[in-house]
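Here the structure is laid out as structure tokens; the discussion comes afterwards.
Because only heavy atoms are used, hydrogens play no part in the values below, and waters and symmetry mates are left out as well, while side chains stay in. Quantities reported herein were computed from a predicted structural model and do not represent experimental measurements.
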Amino acid sequence: MPSGEYLRYVALGDSQTEGLGDGDDTVGLRGFADRLAEHLSAVNPELRYANLAVRGRVAGQIRAEQLEPALALRPDLATVVAGVNDLLRPRFNAAEVAGHLEEMFAALTAAGAHVVTLTFPDMGQIAPLARPIRSRVFDLNIRIRAAAARHGVAVAETARHAVSTDPRLWTADRLHASPLGHERIAAALAQAIYLPGSGDAWTLPLPPQAVPVGWQAAAAELRWAAAFLAPWLGRRLRGQSSGDGRTAKRPQLLPLSATPVSPADTG
């Protein structure tokens, strides 16, 4: 819709779309999808918004669990962001992940929705211990762009801007965006769909800051590995997921001001 007057926005995805890193399960999660809905509502107060995302889900699970409910809501705008959890798995298949994304792109656009997605920043720049999977990120981004082009899906190119790897856009776990990061992602998506009032300010760098070097940097990596990487690996070895027992935080199309499902109701 050139005017940006979307009426029914549905978000599909994992923890980033759910909003981890922007609020918590006590006060509630906000996240880039909520923030994008706020931008949309400023253009059209009649907007209805649903968020089907669940943390921990890989692309195949998102397609299997969220696509049909999304189609049933008949969105005119949908965001589809998936693949980070796949990137972190030992057995990663870029073609398979991109295939799940493309199936969602195809189904949603065929149903009349305008779909927008994004590319992923270089995780090796965010967490040095993640450098071995950099090639996976680059490969998946190429495939996302190609699949999006085949189905007329808009792409927010967060991967192509250095600010996307600024530590201030990420929480301490380096996997989830901070409130500022979610704000930038929402702005990138708004620009990708040419929403009135959007622009490229989200690409601008933040003011310079001192960064740890030498032994301080090494110590920071060890603290991160102990606090976040080790527990994550432990869950993988036990076959557990952070999303076990959880359902979508906002499964119905509601006005933005309406109270979504409470965390207690999502398990």
As an exercise, state the distance from [atom1] of [X] to [atom2] of [Y], rounded to the nearest 0.5 Å.
X: Arg250; Y: Leu29; atom1: CZ; atom2: CG; answer: 12.5 Å
X: Leu108; Y: Leu67; atom1: CG; atom2: CG; answer: 5.5 Å
X: Asn85; Y: Ser15; atom1: CG; atom2: OG; answer: 5.5 Å
X: His114; Y: Thr109; atom1: NE2; atom2: OG1; answer: 10.0 Å
X: Arg160; Y: Asn141; atom1: CZ; atom2: CG; answer: 8.5 Å
X: Thr119; Y: Ile142; atom1: OG1; atom2: CD1; answer: 11.0 Å

Practice task
Please say whether more than 12 non-hydrogen atoms of neighbouring residues, nucleotides or ligands are located less than 6.0 Å from CD in Gln252.
Solution key: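 Counting neighbours around CD of Gln252, 12 or fewer heavy atoms of other residues, nucleotides or ligands fall under 6.0 Å, so no.
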Problem - Arg168 atom CZ, over 12 foreign heavy atoms within 6.0 Å - result: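 Atom CZ in Arg168 is crowded, with more than 12 foreign heavy atoms closer than 6.0 Å.
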Do [X] and [Y] make a side-chain contact, defined as non-hydrogen atoms from C-beta onward lying under 4.5 Å apart?
X: Val115; Y: His151; result: no
X: Asp14; Y: Arg55; result: no
X: Phe32; Y: Glu183; result: no
X: Leu206; Y: Arg184; result: yes
X: Ser198; Y: His39; result: no

[X] to [Y] - nearest heavy-atom pair and separation:
X: Val116; Y: Ala192; answer: CG2-CB, 3.9 Å
X: Leu71; Y: Ala111; answer: CD2-CB, 3.8 Å
X: Val54; Y: Ala248; answer: CG2-N, 3.7 Å
X: Glu102; Y: Ala147; answer: OE1-CB, 3.7 Å
X: Ala37; Y: Leu47; answer: O-CD2, 3.4 Å
X: Leu169; Y: Val163; answer: CD2-O, 3.4 Å

Exercise for the section: For the pair Arg134 and Met123, evaluate side-chain contact (heavy atoms from CB on, under 4.5 Å) and give the outcome as yes or no after the intermediate values. Expected result: CA-CA 6 Å; Arg134 295 177 73 189; Met123 297 178 70; over 6 Å; no
Side-chain heavy atoms nearer than 4.5 Å, only ILVMFWY residues, links allowed to pass through others: does that put [X] and [Y] together?
X: Ile144; Y: Leu87; result: yes
X: Val58; Y: Phe92; result: no
X: Val84; Y: Val137; result: yes
X: Val155; Y: Phe120; result: no
X: Ile193; Y: Met104; result: yes

Handout entry: Distance-only polar pair, side chains of Tyr9 and Asp76, donor-acceptor under 3.5 Å
Key =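 Not at all, the side chains of Tyr9 and Asp76 share no donor-acceptor pair under 3.5 Å.
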Exercise for the section: Establish, from distance only, whether the side-chain atoms of Arg63 and His100 form a donor-acceptor pair under 3.5 Å. Expected result: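 There is such a pair (donor and acceptor under 3.5 Å, judged by atom type) between the side chains of Arg63 and His100.
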So, does [X] use its side chain to make a donor-acceptor pair with the main chain of [Y] at under 3.5 Å?
X: Thr165; Y: Gln125; value: no
X: Arg35; Y: His182; value: no
X: Asn93; Y: Glu96; value: yes
X: Trp170; Y: Ser164; value: yes
X: Arg8; Y: Tyr6; value: no

Practice task
In sequence, state the C-alpha distance, the side-chain angles, and the governing distance for Tyr49 and Val10, and then conclude on side-chain contact (heavy atoms from CB on, under 4.5 Å).
Solution key: CA-CA 6 Å; Tyr49 161 53; Val10 177; over 6 Å; no
Handout entry: Short N-O contact, Arg145 and Glu157, less than 4.0 angstrom
Key =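 Glu157 and Arg145: salt-bridged.
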Exercise for the section: Using a strict cut-off of less than 4.0 Å between a Lys/Arg side-chain nitrogen and an Asp/Glu carboxylate oxygen, indicate whether Lys249 and Asp34 qualify as a salt bridge. Expected result: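 Here Lys249 pairs with Asp34 in a salt bridge, since their nearest N and O are under 4.0 Å apart.
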Practice task
Kindly indicate, with the supporting measurements, whether the criterion side-chain contact (heavy atoms from CB on, under 4.5 Å) is fulfilled by Ile133 and Leu88.
Solution key: CA-CA 8 Å; Ile133 67 171; Leu88 301 174; 3.8 Å; yes
Practice task
Verify side chain to side chain donor-acceptor pair (under 3.5 Å) between His176 and Gln16, making sure each step is shown before the conclusion.
Solution key: CA-CA 6 Å; His176 298 99; Gln16 293 285 29; 5.6 Å; no
Problem - side-chain contact (heavy atoms from CB on, under 4.5 Å) between Val43 and Glu5, intermediate numbers included - result: CA-CA 6 Å; Val43 176; Glu5 293 184 355; 4.1 Å; yes
Handout entry: Stepwise salt bridge (Lys or Arg N to Asp or Glu O under 4.0 Å) test for Glu38 and Arg30
Key = CA-CA 10 Å; Glu38 292 164 10; Arg30 193 178 179 191; 2.6 Å; yes
